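Every value quoted in this text rests on a predicted model; they were computed, and no experiment measured them.
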Amino acid sequence: ALRESEARLRLALQSADAGVWDYVLEPREMFWSDEFRALYGFAPDEPASLDNWLGRVHEDDRQIVLALVDEAARPTRDTWDITFRIVRPDGTVSWIQSIGRVERDRAGKITRLAGLELDVTARRHAEETQGFAIACEFEFAVELQPARGAVLLLDTANHVEIAARA
């Protein structure tokens with residue numbers, strides 16, 4: 001039953017392009033799933049450590065991520081959901097959504113941090129493309145307003161597919 005459960009979890013993580021991690025503060029132990037390692041480009045034998053992970057976070061996003069880590073240490077914060085960029089060893093930049101939880105003992109001291117990392121690069125590119133298309137649509141609408149009755153239909157490469165006067 002345990003193997004079947006692990007197999008289901010692995011299939012779900014692979015299907016979602018996601019990985020999990022776990023950090024227990026006492027004793028200081030960090031775990032990265034195989035899917036997490038693949039997501040970030042870590043070798044199977046590469047040590048799981050905060051420094052190694054932080055080294056993959058995009059330089060421009062490191063301060064935001066470090067601020068979140070500091071905030072997670074506050075007693076008022078038990079969960080997070082943040083999106084940031086990473087740079088894999090081959091230079092590929094990807095967008096990661098990190099969703100996690102802080103566990104505390106009865107005194108409020110952090111005992112464990114655990115999270116799920118999702119590769120949201122495709123979604124992020126689609127949002128950027130959609131935002132660009134909306135901006136172009138607005139720009140064209142403004143430019144065409146004086147030419148009442150003109151209709152333009154653009155394809156995804158912003159080529160005119162239909163141009164007509166109503």
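Ile82 is linked by a side chain to side chain contact (heavy atoms under 4.5 Å, CB included) to Ile64, Leu68, Trp80, Phe84, Ser98, counting only residues two or more places apart in sequence or in another chain. Under the rule for a salt bridge (Lys or Arg N to Asp or Glu O under 4.0 Å), Glu103 has no partner lying at least two apart in sequence or in another chain. When the side chain to side chain donor-acceptor pair (under 3.5 Å) test is applied to Ser94, the partners found at least two apart in sequence or on another chain are Arg88. Residues satisfying the side chain to side chain contact (heavy atoms under 4.5 Å, CB included) test with Asp22, not counting sequence neighbours, are Val24, Phe31, Arg112, Ala114. Under the side chain to side chain donor-acceptor pair (under 3.5 Å) criterion, Arg123 pairs with Gln97, not counting sequence neighbours. Residues satisfying the side chain to side chain donor-acceptor pair (under 3.5 Å) criterion with Glu29, sequence neighbours excluded, are absent altogether. Every side chain to side chain contact (heavy atoms under 4.5 Å, CB included) that Arg124 has, sequence neighbours left out, goes to Thr83, Trp95, Glu127, Glu128. Residues forming a side chain to side chain donor-acceptor pair (under 3.5 Å) with Arg28 (at least two apart in sequence, or on another chain): Tyr23. Shown here are the salt bridge (Lys or Arg N to Asp or Glu O under 4.0 Å) partners of Asp78, two or more places apart in sequence or in another chain: Arg104. Under the salt bridge (Lys or Arg N to Asp or Glu O under 4.0 Å) criterion, Arg85 pairs with Asp61, sequence neighbours left out.
Other residues sharing the hydrophobic cluster of Val93, ordered by chain and number and joined by side-chain separations under 4.5 Å: Val87.
Contact of the Ile96 side chain with the Val120 side chain is not registered, since no non-hydrogen atoms from C-beta on lie closer than 4.5 Å.
When all heavy atoms of Gly19 and Ser33 are compared, the pair lying nearest together is CA-OG, 3.7 Å. Scanning both residues, Tyr40 and Ile86, for their nearest heavy atoms gives CE2-CG2, 3.4 Å.
Side chain of Arg62 to backbone of Leu54: a donor-acceptor contact under 3.5 angstrom is found.
To the nearest 0.5 Å, atoms CH2 (Trp53) and CZ (Phe42) are separated by 9.5 Å. If you take CG on Leu113 and CG on Leu25, they are separated by 6.0 Å, rounding to the nearest 0.5 Å. Interatomic distance, Lys109 NZ to Glu26 CD, rounded to the nearest 0.5 Å: 4.5 Å.
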Report all side-chain donor-acceptor pairs from residues 44-51 shorter than 3.5 Å, counting only partners two or more places apart or in another chain.
from  : atom 1 : to    : atom 2 : distance (Å)
Glu46 : OE1    : Ala43 : N      : 3.1
Ser49 : OG     : Asn52 : N      : 3.0
Ser49 : OG     : Asn52 : ND2    : 3.4

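Trp21 and Ile110 fall within the same hydrophobic cluster, defined by Ile, Leu, Val, Met, Phe, Trp and Tyr side-chain heavy atoms under 4.5 Å apart, directly or through other members.
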